[in-house]
Amino acid sequence: MRDILAYAGNHQTFTPSLCYAAALAKQFEARLSALYVQEPITYLPTYAAIGLVAEIARFTEEEVEAARQNGARFTRWASDRGVAENDWMVVEGALKPVLAEICNWHDLLVLGVGGDSGWGSVGRVGELLLSCGAPCVVVPERSAIPTSEARLASIAVAWNGSPESVRVIHAALPLLARADRVTLIDGETVDPTANLVRFSPMRIEPYLARHGVKVVRRRLEVGGDEAGAALLAAAHEAQADLLVMGAYGKSRFSEWLLGGATRHVLEYATLPLFMRH
(Lines give C-alpha, C1' and ligand atoms only; values in the text may rest on other atoms or scores of the structure.)
Protein backbone atom coordinates (compact mmCIF):
# COMPACT_ATOMS: atom_id res chain seq x y z
CA MET A 1 0.00 0.00 0.00
CA ARG A 2 2.43 2.64 -1.20
CA ASP A 3 0.10 4.62 -3.49
CA ILE A 4 -3.49 5.37 -2.48
CA LEU A 5 -5.93 7.15 -4.78
CA ALA A 6 -9.04 8.90 -3.44
CA TYR A 7 -11.87 10.14 -5.63
CA ALA A 8 -12.87 13.68 -4.69
CA GLY A 9 -16.53 14.09 -5.56
CA ASN A 10 -16.21 17.87 -5.28
CA HIS A 11 -13.45 20.43 -4.89
CA GLN A 12 -14.99 22.52 -2.11
CA THR A 13 -14.95 20.12 0.84
CA PHE A 14 -12.86 17.26 2.15
CA THR A 15 -15.40 14.47 2.38
CA PRO A 16 -15.46 11.61 4.94
CA SER A 17 -14.07 9.23 2.32
CA LEU A 18 -11.15 11.58 1.68
CA CYS A 19 -10.54 11.82 5.44
CA TYR A 20 -10.50 8.01 5.65
CA ALA A 21 -8.08 7.81 2.72
CA ALA A 22 -5.74 10.24 4.49
CA ALA A 23 -5.88 8.15 7.68
CA LEU A 24 -5.02 5.01 5.70
CA ALA A 25 -2.17 6.76 3.90
CA LYS A 26 -0.76 7.89 7.25
CA GLN A 27 -0.85 4.33 8.64
CA PHE A 28 0.91 2.86 5.63
CA GLU A 29 3.22 5.85 5.10
CA ALA A 30 1.80 5.93 1.59
CA ARG A 31 1.43 8.65 -0.99
CA LEU A 32 -2.13 9.99 -1.20
CA SER A 33 -3.41 11.27 -4.52
CA ALA A 34 -6.81 12.97 -4.58
CA LEU A 35 -8.51 13.03 -7.97
CA TYR A 36 -11.17 15.53 -9.05
CA VAL A 37 -12.70 14.88 -12.47
CA GLN A 38 -14.63 17.56 -14.34
CA GLU A 39 -16.90 15.63 -16.65
CA PRO A 40 -18.02 17.24 -19.92
CA ILE A 41 -21.67 17.95 -20.56
CA THR A 42 -22.24 15.58 -23.45
CA TYR A 43 -25.95 16.04 -24.05
CA LEU A 44 -27.48 19.18 -25.44
CA PRO A 45 -30.79 19.46 -27.27
CA THR A 46 -30.41 20.00 -31.00
CA TYR A 47 -32.05 23.39 -30.67
CA ALA A 48 -29.55 24.64 -28.06
CA ALA A 49 -28.45 28.17 -28.81
CA ILE A 50 -24.83 28.97 -29.50
CA GLY A 51 -24.89 31.21 -26.44
CA LEU A 52 -25.83 28.25 -24.22
CA VAL A 53 -22.96 26.18 -25.58
CA ALA A 54 -20.56 29.03 -24.89
CA GLU A 55 -21.96 29.44 -21.36
CA ILE A 56 -21.44 25.75 -20.63
CA ALA A 57 -17.85 25.95 -21.90
CA ARG A 58 -17.21 28.99 -19.71
CA PHE A 59 -18.72 27.24 -16.67
CA THR A 60 -16.51 24.18 -17.26
CA GLU A 61 -13.39 26.33 -17.49
CA GLU A 62 -14.26 28.11 -14.26
CA GLU A 63 -14.86 24.84 -12.42
CA VAL A 64 -11.57 23.38 -13.63
CA GLU A 65 -9.67 26.51 -12.58
CA ALA A 66 -11.39 26.57 -9.16
CA ALA A 67 -10.53 22.90 -8.66
CA ARG A 68 -6.88 23.49 -9.54
CA GLN A 69 -6.70 26.38 -7.10
CA ASN A 70 -7.63 23.91 -4.35
CA GLY A 71 -4.31 22.08 -4.71
CA ALA A 72 -2.43 24.19 -2.16
CA ARG A 73 -5.26 23.86 0.38
CA PHE A 74 -5.29 20.07 -0.08
CA THR A 75 -1.53 19.89 0.42
CA ARG A 76 -1.79 21.77 3.72
CA TRP A 77 -4.78 19.66 4.81
CA ALA A 78 -3.08 16.33 4.02
CA SER A 79 0.22 17.40 5.58
CA ASP A 80 -1.58 18.42 8.78
CA ARG A 81 -2.92 14.84 8.92
CA GLY A 82 0.53 13.32 8.71
CA VAL A 83 0.51 12.51 4.98
CA ALA A 84 3.79 13.96 3.84
CA GLU A 85 3.54 12.75 0.24
CA ASN A 86 0.34 13.96 -1.39
CA ASP A 87 -0.96 15.15 -4.71
CA TRP A 88 -4.09 16.92 -5.96
CA MET A 89 -5.04 15.99 -9.52
CA VAL A 90 -7.63 17.68 -11.72
CA VAL A 91 -8.64 15.97 -14.95
CA GLU A 92 -11.23 16.80 -17.59
CA GLY A 93 -12.95 13.71 -19.00
CA ALA A 94 -15.39 10.90 -18.37
CA LEU A 95 -14.91 9.51 -14.86
CA LYS A 96 -14.92 5.76 -15.55
CA PRO A 97 -12.14 5.67 -18.17
CA VAL A 98 -10.15 8.29 -16.26
CA LEU A 99 -10.29 6.19 -13.06
CA ALA A 100 -9.48 2.98 -14.93
CA GLU A 101 -6.35 4.62 -16.36
CA ILE A 102 -5.13 6.25 -13.15
CA CYS A 103 -5.88 3.18 -11.01
CA ASN A 104 -3.19 1.33 -12.97
CA TRP A 105 -0.67 3.43 -11.01
CA HIS A 106 -2.20 2.92 -7.55
CA ASP A 107 -2.57 0.09 -5.05
CA LEU A 108 -5.97 1.16 -3.74
CA LEU A 109 -8.91 3.40 -4.64
CA VAL A 110 -11.05 5.04 -1.92
CA LEU A 111 -14.62 5.98 -2.82
CA GLY A 112 -17.57 7.39 -0.93
CA VAL A 113 -21.12 6.03 -1.14
CA GLY A 114 -24.29 7.83 -0.08
CA GLY A 115 -22.82 11.32 -0.23
CA ASP A 116 -23.71 14.35 -2.34
CA SER A 117 -21.46 13.50 -5.27
CA GLY A 118 -23.09 12.75 -8.60
CA TRP A 119 -21.30 9.40 -8.41
CA GLY A 120 -22.32 8.70 -4.81
CA SER A 121 -25.35 6.47 -5.39
CA VAL A 122 -25.11 2.71 -4.92
CA GLY A 123 -25.60 2.06 -8.62
CA ARG A 124 -22.94 4.51 -9.74
CA VAL A 125 -20.43 3.40 -7.10
CA GLY A 126 -21.10 -0.13 -8.33
CA GLU A 127 -20.20 0.93 -11.87
CA LEU A 128 -16.85 2.23 -10.64
CA LEU A 129 -16.18 -0.91 -8.57
CA LEU A 130 -16.79 -3.14 -11.55
CA SER A 131 -14.83 -1.09 -14.06
CA CYS A 132 -11.85 0.53 -12.29
CA GLY A 133 -9.71 -2.62 -12.13
CA ALA A 134 -8.38 -1.90 -8.62
CA PRO A 135 -9.25 -2.91 -5.07
CA CYS A 136 -11.43 -0.26 -3.44
CA VAL A 137 -12.35 0.93 0.02
CA VAL A 138 -15.91 2.23 -0.03
CA VAL A 139 -16.75 4.59 2.84
CA PRO A 140 -20.41 5.23 3.78
CA GLU A 141 -20.40 9.03 3.73
CA ARG A 142 -23.36 9.49 6.06
CA SER A 143 -22.52 6.92 8.71
CA ALA A 144 -21.28 7.77 12.18
CA ILE A 145 -17.90 6.04 11.78
CA PRO A 146 -14.89 8.19 12.76
CA THR A 147 -13.22 8.79 9.40
CA SER A 148 -10.34 10.78 10.87
CA GLU A 149 -8.84 7.40 11.79
CA ALA A 150 -8.86 4.18 9.82
CA ARG A 151 -9.28 1.53 12.50
CA LEU A 152 -8.14 -1.96 11.46
CA ALA A 153 -8.17 -3.79 14.80
CA SER A 154 -11.02 -6.12 13.82
CA ILE A 155 -11.63 -7.11 10.21
CA ALA A 156 -14.40 -9.34 8.88
CA VAL A 157 -13.78 -11.26 5.66
CA ALA A 158 -16.58 -12.65 3.47
CA TRP A 159 -15.55 -15.99 2.01
CA ASN A 160 -17.45 -18.24 -0.40
CA GLY A 161 -14.67 -19.80 -2.45
CA SER A 162 -15.38 -17.72 -5.57
CA PRO A 163 -12.66 -16.09 -7.69
CA GLU A 164 -13.90 -12.67 -6.51
CA SER A 165 -13.46 -13.60 -2.85
CA VAL A 166 -9.98 -14.98 -3.53
CA ARG A 167 -8.92 -11.82 -5.36
CA VAL A 168 -10.22 -9.46 -2.71
CA ILE A 169 -8.51 -11.38 0.12
CA HIS A 170 -5.24 -11.35 -1.80
CA ALA A 171 -5.53 -7.59 -2.28
CA ALA A 172 -6.43 -7.01 1.38
CA LEU A 173 -3.44 -8.88 2.85
CA PRO A 174 -1.56 -5.70 3.90
CA LEU A 175 -4.60 -4.64 5.96
CA LEU A 176 -5.32 -8.12 7.34
CA ALA A 177 -1.74 -8.39 8.57
CA ARG A 178 -2.32 -5.33 10.79
CA ALA A 179 -5.52 -6.59 12.40
CA ASP A 180 -5.67 -7.95 15.94
CA ARG A 181 -8.64 -10.14 15.01
CA VAL A 182 -9.81 -11.46 11.63
CA THR A 183 -13.22 -13.13 11.41
CA LEU A 184 -13.74 -15.35 8.37
CA ILE A 185 -17.46 -15.32 7.55
CA ASP A 186 -17.71 -18.60 5.70
CA GLY A 187 -20.57 -18.97 3.24
CA GLU A 188 -18.84 -21.46 0.97
CA THR A 189 -21.04 -24.11 -0.61
CA VAL A 190 -20.06 -27.50 -1.99
CA ASP A 191 -19.34 -27.43 -5.71
CA PRO A 192 -20.88 -30.54 -7.35
CA THR A 193 -18.27 -30.35 -10.14
CA ALA A 194 -15.31 -30.27 -7.75
CA ASN A 195 -14.38 -33.89 -8.55
CA LEU A 196 -13.87 -32.87 -12.19
CA VAL A 197 -11.16 -30.37 -11.33
CA ARG A 198 -7.64 -31.64 -11.97
CA PHE A 199 -6.07 -29.90 -9.01
CA SER A 200 -6.99 -29.72 -5.38
CA PRO A 201 -8.61 -26.37 -4.54
CA MET A 202 -6.63 -24.05 -2.32
CA ARG A 203 -7.76 -23.83 1.31
CA ILE A 204 -8.20 -20.34 2.65
CA GLU A 205 -7.06 -20.76 6.27
CA PRO A 206 -3.63 -22.29 5.46
CA TYR A 207 -3.20 -19.63 2.76
CA LEU A 208 -3.84 -16.82 5.24
CA ALA A 209 -1.67 -18.50 7.89
CA ARG A 210 1.27 -18.47 5.46
CA HIS A 211 0.83 -14.69 5.35
CA GLY A 212 0.76 -14.41 9.13
CA VAL A 213 -3.03 -13.98 9.37
CA LYS A 214 -4.91 -16.16 11.86
CA VAL A 215 -8.68 -16.27 11.58
CA VAL A 216 -11.73 -17.13 13.62
CA ARG A 217 -14.22 -18.90 11.38
CA ARG A 218 -17.92 -18.10 11.56
CA ARG A 219 -20.28 -20.16 9.44
CA LEU A 220 -23.00 -18.34 7.48
CA GLU A 221 -25.82 -20.61 6.40
CA VAL A 222 -28.01 -18.18 4.45
CA GLY A 223 -27.86 -17.30 0.79
CA GLY A 224 -29.79 -15.64 -1.98
CA ASP A 225 -31.63 -12.45 -1.13
CA GLU A 226 -30.79 -12.76 2.57
CA ALA A 227 -27.02 -13.00 2.13
CA GLY A 228 -26.24 -9.28 2.20
CA ALA A 229 -28.17 -8.58 5.40
CA ALA A 230 -26.74 -11.69 7.09
CA LEU A 231 -23.21 -10.66 6.12
CA LEU A 232 -23.61 -7.20 7.62
CA ALA A 233 -25.11 -8.68 10.78
CA ALA A 234 -22.16 -11.08 11.13
CA ALA A 235 -19.67 -8.23 10.63
CA HIS A 236 -21.49 -6.19 13.29
CA GLU A 237 -21.45 -9.15 15.68
CA ALA A 238 -17.68 -9.43 15.15
CA GLN A 239 -17.36 -5.70 15.96
CA ALA A 240 -15.54 -5.29 12.67
CA ASP A 241 -13.90 -2.03 11.72
CA LEU A 242 -13.78 -3.12 8.07
CA LEU A 243 -15.58 -5.70 5.93
CA VAL A 244 -13.61 -7.37 3.13
CA MET A 245 -15.75 -8.87 0.34
CA GLY A 246 -15.72 -9.46 -3.38
CA ALA A 247 -17.77 -7.14 -5.58
CA TYR A 248 -20.02 -9.31 -7.70
CA GLY A 249 -21.43 -8.16 -11.01
CA LYS A 250 -22.75 -9.55 -14.25
CA SER A 251 -22.92 -8.16 -17.74
CA ARG A 252 -26.19 -7.64 -19.54
CA PHE A 253 -25.27 -6.48 -23.01
CA SER A 254 -23.33 -3.24 -22.41
CA GLU A 255 -24.44 -2.75 -18.78
CA TRP A 256 -22.81 -3.94 -15.60
CA LEU A 257 -25.25 -4.98 -12.91
CA LEU A 258 -24.42 -5.53 -9.26
CA GLY A 259 -25.20 -8.82 -7.59
CA GLY A 260 -27.90 -8.71 -4.93
CA ALA A 261 -25.63 -9.16 -1.90
CA THR A 262 -23.16 -6.55 -3.16
CA ARG A 263 -25.93 -4.02 -3.73
CA HIS A 264 -27.45 -4.65 -0.29
CA VAL A 265 -24.12 -4.26 1.50
CA LEU A 266 -23.30 -1.04 -0.37
CA GLU A 267 -26.71 0.41 0.45
CA TYR A 268 -26.91 -0.48 4.15
CA ALA A 269 -23.32 -0.75 5.41
CA THR A 270 -22.32 1.47 8.32
CA LEU A 271 -18.64 0.44 8.20
CA PRO A 272 -16.02 0.81 5.46
CA LEU A 273 -15.93 -1.93 2.82
CA PHE A 274 -12.82 -3.30 1.14
CA MET A 275 -14.04 -4.60 -2.23
CA ARG A 276 -12.64 -5.89 -5.48
CA HIS A 277 -14.31 -7.28 -8.58
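Everything quoted here is computed from the prediction, not taken from an experiment. Heads up: numbering here begins at 1 and tracks the sequence.
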Quick one: closest heavy-atom pair of L129 and C136, and the distance? CD2-CB, 3.6 Å
Side chains of D87 and L32 in contact at under 4.5 Å (non-hydrogen atoms): no
Value for OH (Y20) from CD1 (I4), rounded to nearest 0.5 Å, stands at 10.0 Å
N70 side chain vs A67 backbone, donor-acceptor pair below 3.5 Å: no
Contacts of E237 that satisfy salt bridge (Lys or Arg N to Asp or Glu O under 4.0 Å) - sequence neighbours left out: R218
Does R217 pair with E205 as a salt bridge, N-O distance under 4.0 Å? yes
Only counting residues at least two apart or in another chain, list the ones meeting side chain to side chain contact (heavy atoms under 4.5 Å, CB included) with A238. T183
Checking side-chain contact (heavy atoms from CB on, under 4.5 Å) for the pair S79/T75: CA distance, chi angles, key distance, verdict? CA-CA 6 Å; S79 298; T75 295; 4.2 Å; yes
What residues, two or more places apart in sequence or in another chain, satisfy ring pair (Phe, Tyr, Trp, His ring centres under 6.0 Å) together with H211? Y207
The criterion is ring pair (Phe, Tyr, Trp, His ring centres under 6.0 Å); which residues satisfy it with F28, sequence neighbours excluded? none
Does some side-chain heavy atom of L173 sit less than 4.5 Å from a side-chain heavy atom of L208? yes
Residue pairs meeting ring-ring contact (aromatic ring centres under 6.0 Å, His included), one or both in residues 61-81, sequence neighbours left out, come to F14-W77, F74-W77, F74-W88
Less than 4.5 Å apart, any side-chain heavy atom of I204 and any of V215? no
Which donor-acceptor pairs under 3.5 Å do the side chains of residues 266-273 make with protein atoms, sequence neighbours left out?
none

When rounded to the nearest 0.5 angstrom, what is the spacing between CD in Q12 and CG in N10? 5.0 Å
For the pair E63 and H11, evaluate side-chain contact (heavy atoms from CB on, under 4.5 Å) and give the outcome as yes or no after the intermediate values. CA-CA 9 Å; E63 285 294 293; H11 58 79; 3.1 Å; yes
From I155 atom CD1 to Q239 atom CD, the distance as rounded to the nearest 0.5 Å: 14.5 Å
Side chain to side chain, L111 and V137, heavy atoms closer than 4.5 Å: no
Specify the closest pair of heavy atoms between V168 and G246, including all atoms of both residues, with the distance to one decimal. CG1-N, 3.6 Å
Testing the basics here: between F274 and P135, what is the closest heavy-atom pair and its distance to 0.1 Å? CZ-CB, 3.8 Å
Could you grab the distance from atom CH2 of W159 to atom CG of D186, nearest 0.5 Å is fine? 8.5 Å
Considering only heavy atoms from C-beta outward, does the side chain of L243 approach that of L232 to under 4.5 Å? yes
Taking the side chain as everything from C-beta on, heavy atoms only, tell me whether L175 gets closer than 4.5 Å to M1. yes
Donor-acceptor under 3.5 Å (R2 side chain, E29 main chain): yes
Any donor-acceptor pair under 3.5 Å from D107 side chain to D3 backbone: yes
From C132 atom SG to L109 atom CG, the distance as rounded to the nearest 0.5 Å: 5.0 Å
Does the side chain of L231 reach to within under 4.5 Å of the side chain of H264, using non-hydrogen atoms? no
Please name all residues satisfying side chain to side chain contact (heavy atoms under 4.5 Å, CB included) with S154, sequence neighbours left out, ordered by chain then number. R181, A240, D241
Any salt bridge (Lys or Arg N to Asp or Glu O under 4.0 Å) involving residues 73-85? Give me the pairs, sequence neighbours left out, ordered by first then second residue. R31-E85
Supply the atom-to-atom distance S33 OG to I102 CD1, rounded to the nearest 0.5 angstrom. 8.5 Å
Minimum side-chain heavy-atom gap D116-R142 below 4.5 Å: yes
For E101, enumerate each residue passing the side-chain hydrogen bond (donor to acceptor under 3.5 Å, both in side chains) test, keeping only those at least two apart in sequence or located in another chain. none
From CA spacing to verdict: side-chain contact (heavy atoms from CB on, under 4.5 Å), V125, V138: CA-CA 8 Å; V125 169; V138 181; 4.2 Å; yes
Pair listing, ring-ring contact (aromatic ring centres under 6.0 Å, His included) test, anchored in residues 89-127, at least two apart: none
What heavy-atom pair brings R124 and S121 nearest, and what distance separates the two atoms? CG-OG, 3.1 Å
For S148, side chain to side chain contact (heavy atoms under 4.5 Å, CB included) partners two or more places apart: none
Considering non-hydrogen atoms only, spot the tightest contact between A8 and Y36 and give its length. O-CD1, 3.6 Å
Give a yes or no on whether the backbone of L95 and the side-chain of E39 come within a donor-acceptor separation of less than 3.5 Å. yes
What one should report as the nearest heavy-atom pair of A171 and R276 is CB-NH1, 3.8 Å
Can you name the side chain to side chain contact (heavy atoms under 4.5 Å, CB included) partners of Q69, sequence neighbours left out? E65
Please lay out, stage by stage, how L5 and L108 fare under the test side-chain contact (heavy atoms from CB on, under 4.5 Å). CA-CA 6 Å; L5 177 67; L108 182 70; over 6 Å; no
